Amino acid sequence: MSEFEHKFQNSVYTRVALLNRIMIYIVKRKGKQIRPILVFLSAGISGEISEKTFRGASLVELLHTATLIHDDVVDDSFERRGFFSLNALWKNKIAVLVGDYLLARGLLLSVDNQDFDLLGISSTAVKQMSEGELLQLEKSRTLNLQEPEYLDIIRMKTASLIASCCAMGAKSVTDDPVVVENMRMFGEYVGMAFQIKDDLFDYGDEGTGKPSGVDIKEKKLTLPLIYALSKVDRAEHKKVIKTIKGYDSDKNKFNYLVDFVKTNGGISYAEKRMVEYQDKAFDILMKFGSSAYRESMHDLVVYTTKREK
Ligand code: IPE
Ligand code: IPE
Ligand code: MG
Ligand code: MG
């Protein structure tokens with residue numbers, strides 16, 4: 001990973017002064033780097049890690065960083081990785097352009113090295129992420145979201161990129177379509193568990209490096225709330241929806257909604273579904289021969305569902 005970080009830093013270097021200042025800011029506040037780690041482990045499980053694997057890892061982290069910057073503009077969120085988000089410091093205009101710049105740097109990294117297979121896999125994911133975020137935005141207007149639609153949204157906006165990490169890792173070392181597809185499926189299940197966990201954070205205390213209650217503020221119904229709403233009578237349903245509609249980050253309203261979700265089993269239900277996806281990922285992992293990479297991959301999946309940020 002230290003070799004990766006060095007390469008990643010070089011991949012965002014620019015001579016444009018303002019842009020470079022922002023790039024230094026981004027590189028300094030790195031995240032958990034789960035996606036590049038997944039690229040390396042998927043490659044290690046499927047063959048011999050190569051330079052192309054490193055480029056795949058940089059590509060996904062570039063794309064991921066770009067989407068987070070845009071996501072914070074879309075969600076009007078001012079905290080990221082325990083510090084101010086780009087839109088909080090430099091405003092939306094600059095954040096939008098910086099996101100585009102990172103996306104372009106990712107694409108160029110692949111084009112310059114003729115990694116067209118990786119480019120194909122990642123572009124599919126980027127397309128799906130945009131579709132997922134747009135579908136979510138559309139659904140937040142009506143406040144009427146059922147579990148199957150929620151699962152579609154998170155599959156598109158989050159699981160698609162994590163699936164592409166695993167497919168790209170494998171593809172960087174083998175052309176065997178069965179191996180690549182198994183890795184892609186594995187990543188998709190990990191991604192589903194990953195986003196359910198992230199959505200649970202929104203109901204918790206701060207301390208994750210991101211504000212809580214943002215999903216409610218943005219009228220994004222997520223699994224804990226969707227389940228709790230399905231358990232109550234019309235009158236209570238109506239009352240809760242009304243509270244969400246008028247929610248303005250008021251602490252008392254937030255506590256009321258968290259209580260409502262907890263009392264009606266929303267948290268434990270979401271945790272149960274998350275573990276189901278984790279187990280599906282494990283089933284696929286067991287198709288691969290035993291190795292240190294498989295062991296680490298297993299631990300990383302456990303971390304996905306047990307993490308505290
Ligand atoms: C955040 O992803 C966006 C989601 C898909 C929930 P991460 O939690 O992996 O973000 P960083 O890179 O570690 O900050
Ligand atoms: C995932 O959704 C965002 C992306 C797919 C980029 P969220 O909006 O829940 O992510 P966070 O919580 O802001 O990281
Ligand atoms: Mg967000
Ligand atoms: Mg979130």
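Counting starts at 1 for both ligands and their atoms, in listed order. A quick note: this is a predicted structure, and the numbers were derived from the prediction, not measured. All residue numbers in this chain count up from 1 along the given sequence.
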Could you tell me if T142 and N144 have a donor-acceptor pair between their side chains, going purely by distance under 3.5 Å? no

Side chain, backbone, both or neither: which part of R81 has a heavy atom under 4.0 Å from ligand 1? side chain

So is K32 polar-close to ligand 1, meaning N/O to N/O under 3.5 Å? yes

Heavy atoms only, cut-off 4.0 Å: how does T65 contact ligand 1, side chain, backbone, both, or neither? neither

Set of residues satisfying ring pair (Phe, Tyr, Trp, His ring centres under 6.0 Å) with respect to F282, sequence neighbours excluded: H298

Ion pair present between K7 and E3, side-chain N to carboxylate O less than 4.0 angstrom? yes

Taking 4.0 Å as the limit for heavy-atom contacts, which would you say applies to H64 with ligand 1: side chain only, backbone only, both, or neither? side chain

So that I can check it, does any N, O or S atom in D71 come closer than 2.8 Å to the Mg ion (ligand 3)? yes

Per-atom filter on ligand 1: closer than 4.0 angstrom to a heavy atom of D198 are 6 (C)

Kindly check if the number of other-residue, nucleotide or ligand heavy atoms within 6.0 Å of CG (D205) is above 12? no

Ring centers of F40, F54 separated by less than 6.0 Å: yes

Are the side chains of M297 and F186 in touch, meaning some heavy atoms are under 4.5 Å apart? yes

Q136: which of K157, K219, E218 passes side chain to side chain donor-acceptor pair (under 3.5 Å): K157

Considering heavy atoms of the protein only, find what lies nearest to atom 9 (O) of ligand 1 and give residue, atom and distance to 0.1 Å. R35 NH1, 2.7 Å

Could you tell me which atoms of ligand 1, counted from 1 in the order shown, lie closer than 4.0 angstrom to a heavy atom of G31? 11 (P), 12 (O), 13 (O), 14 (O)

N, O or S from E218 under 2.8 Å to the Mg ion (ligand 3): no

Taking atom types as modelled and ignoring hydrogens, do the side chains of Y101 and R105 form a donor-acceptor contact shorter than 3.5 angstrom? yes

Can you name the N/O/S atom of D75 that is nearest the Mg ion (ligand 3)? OD2

Exactly one of H70, K220, K217, K210 clears side chain to side chain donor-acceptor pair (under 3.5 Å) with D75, and that residue is K220

Polar protein atoms (N, O or S) that approach the Mg ion (ligand 4) to under 2.8 Å: D198 OD2

What do you reckon, are the aromatic ring centroids of Y25 and W90 less than 6.0 Å apart? yes

Within a radius of less than 6.0 Å around NZ of K231, do more than 12 heavy atoms belonging to other residues, nucleotides or ligands occur? no

Does ligand 1 have any atom that is closer than 4.0 Å to a heavy atom of T158? yes

Test your reading of the structure: does Q195 have an N or O sitting under 3.5 Å from an N or O of ligand 1? no

I'd like to know whether I26 forms a side-chain contact (heavy atoms from CB on, under 4.5 Å) with I69, so could you lay out the CA-CA distance, the side-chain angles of the two residues, the decisive distance to 0.1 Å, and finally the verdict. CA-CA 10 Å; I26 290 172; I69 293 168; 3.8 Å; yes

Test side-chain hydrogen bond (donor to acceptor under 3.5 Å, both in side chains) on E147 and Y269; report intermediate values, then the result. CA-CA 12 Å; E147 185 173 326; Y269 177 78; 2.8 Å; yes

Just let me know how K309 lines up against ligand 1, side chain, backbone, both or neither, with a heavy-atom cut-off below 4.0 Å. neither

Please list the nearest protein heavy atom to atom 3 (C) of ligand 1 with its residue and the distance rounded to 0.1 Å. L68 CD2, 3.6 Å

